[in-house]
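Below is one structure, written out as structure tokens; comments come after it.
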Amino acid sequence: MTETTPYDADRGLFTRQALARLVLCDHAADVADGAAGLVATANDPDTGLGGRVSQAVQLVELAERALASAVIYERERGSSWAEIAQYLGIGPAEAEERFAANLDGWNTAFDIPYRLDDTGRKRVPQLPTAAYDPAWACDRLDTWAGNRLVLVDDERPVSSGLVMAAPEAGDPAAGTAAPTGTHMRSPAQDKAAP
């Protein structure tokens, strides 16, 4: 059963590759923010014994989530399991098996965007937030990157590199602007880029 969501129109402007890249950006930002919490030492006296290990474990969990997102992104952009596996230090079949559930969840979320919560009354989105509401994610991640990436000279350091979906012929939304504040490339612009 396919249901519509309030963000379908915005999401329709993005390729699945771009949505996967936004999710990876979002998860990478979480890793960076988690790592930043381990840098400062001023609050060490206030942290219980073993507390920094707890933070480091959480950082590893965030990094594992970012890795799964990177695999999904690479599959969306056409990378083979052999190409992915070489960076994981495992065989292609093992890589495919390791990330099969992540890919299945990603693919299923486009067909079944919601599940009911435990009460059976509230719909819970199945796509990661950055893919579910990409316009919001672009604005948030562009701001995040602009505030932290000192050597990047781009007003929209995240959204400017995303490949947008080509408008469909006869689509009344064809030719409309991208989501608020975003400056993204279309597939035609991507092919024309040097």
Side-chain angles (χ1 to χ4, degrees), residues 5-43 52 55-79 83-84 87-88 99 102-103 105-106 109-110 113 125-167 173 176-194:
T5 70
Y7 305 101
D8 285 345
D10 282 348
R11 197 169 40 255
L13 297 173
F14 293 80
T15 61
R16 283 181 51 144
Q17 176 183 329
L19 293 173
R21 186 63 171 104
L22 277 174
V23 172
L24 174 55
C25 292
D26 189 41
H27 291 168
D30 289 344
V31 172
D33 288 342
L38 285 169
V39 174
T41 60
N43 292 326
R52 295 300 181 209
Q55 284 181 283
V57 167
Q58 183 180 25
L59 184 58
V60 169
E61 290 169 356
L62 291 170
E64 286 290 332
R65 187 175 71 162
L67 175 59
S69 297
V71 169
I72 290 169
Y73 168 68
E74 288 298 336
R75 291 296 293 165
E76 287 290 350
R77 71 183 263 207
S79 296
E83 290 165 328
I84 292 168
Y87 294 104
L88 296 171
F99 295 99
N102 301 96
L103 281 166
W106 172 257
F110 285 95
Q126 294 304 286
L127 282 170
T129 303
Y132 180 74
D133 187 355
W136 169 84
C138 284
D139 287 339
R140 187 183 82 76
L141 291 165
D142 280 331
T143 300
W144 185 95
N147 289 337
R148 289 168 181 80
L149 304 179
V150 179
L151 299 177
V152 175
D153 187 25
D154 187 341
E155 196 173 302
R156 306 300 279 180
V158 173
S159 62
S160 66
L162 296 174
V163 178
M164 300 304 289
T176 61
T180 306
T182 56
H183 306 282
M184 294 157 265
R185 301 181 312 193
S186 71
Q189 291 169 310
D190 192 44
K191 288 178 184 172

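Both backbone and side-chain heavy atoms feed into the values below; hydrogens, waters and symmetry mates do not. Keep in mind that this is a model prediction, so the values were computed, not measured. Sequential numbering from 1 along the given sequence is applied to the chain's residues.
For the residue pair Leu38 and Ala56, the shortest heavy atom distance occurs at CD1-CA, 4.0 Å. Across every non-hydrogen atom of Asp10 and Ala135, the tightest pair is OD2-CB, 3.6 Å. The two residues Asp142 and Ser159 make their nearest non-hydrogen contact at OD2-OG, 2.6 Å. Residues Ala18 and Leu162 share a closest heavy-atom pair of O-CD2, 3.9 Å. Between Pro134 and Leu22, the shortest heavy-atom contact is CB-CD1, 3.7 Å. Taking all atoms of both residues into account, the shortest heavy-atom contact from Pro157 to Gly146 is CG-N, 3.9 Å.
Considering only heavy atoms from C-beta on, Trp144 stays 4.5 Å or farther from Val158 through its side chain. At a threshold of 4.5 Å between non-hydrogen side-chain atoms, the residues Asp33 and Arg148 count as touching. Taking the side chain as every heavy atom from C-beta outward, Pro113 and Tyr132 never approach each other to under 4.5 Å. No side-chain heavy atom of Val71 sits under 4.5 Å from any side-chain heavy atom of Asn102. Two residues are said to be in side-chain contact when any heavy atoms from C-beta on lie closer than 4.5 Å; Leu127 and Asp133 fail this criterion.
For the atom pair Tyr73 OH and Leu19 CG, the distance stands at 12.0 Å (nearest 0.5 Å). Taken from CD in Glu76 to OG in Ser69, the straight-line distance is 12.0 Å, to the nearest 0.5 Å. Of the inter-residue distances, the one linking Glu74 atom CD with Phe99 atom CZ reads 11.5 Å to the nearest 0.5 angstrom. Note that CG of Leu13 and CG of Asp8 are 11.0 Å apart. Values are rounded to the nearest 0.5 Å. The distance from atom CZ of Arg77 to atom CZ of Arg21, rounded to the nearest 0.5 Å, is 8.5 Å.
A search for side-chain hydrogen bond (donor to acceptor under 3.5 Å, both in side chains) contacts involving Gln17 returns nothing, not counting sequence neighbours. Looking at residues two or more places apart in sequence or on another chain, you find a salt bridge (charged side-chain N to carboxylate O under 4.0 Å, His left out) between Asp30 and Arg65. With sequence neighbours left out, Arg75 forms a salt bridge (charged side-chain N to carboxylate O under 4.0 Å, His left out) with no residue at all. With sequence neighbours excluded, no residue satisfies salt bridge (charged side-chain N to carboxylate O under 4.0 Å, His left out) with Asp154. Residues satisfying the salt bridge (charged side-chain N to carboxylate O under 4.0 Å, His left out) criterion with Glu83, sequence neighbours excluded, are absent altogether. Under the side-chain hydrogen bond (donor to acceptor under 3.5 Å, both in side chains) criterion, Arg52 pairs with Asp44, Thr47, Gln55, not counting sequence neighbours.
Of the possible donor and acceptor atoms, none in the side chain of Ser79 sits under 3.5 Å from a partner among the backbone N and O of Ile84.
Other residues, nucleotides and ligands place no more than 12 heavy atoms under 6.0 Å from the CG atom of Asp153.
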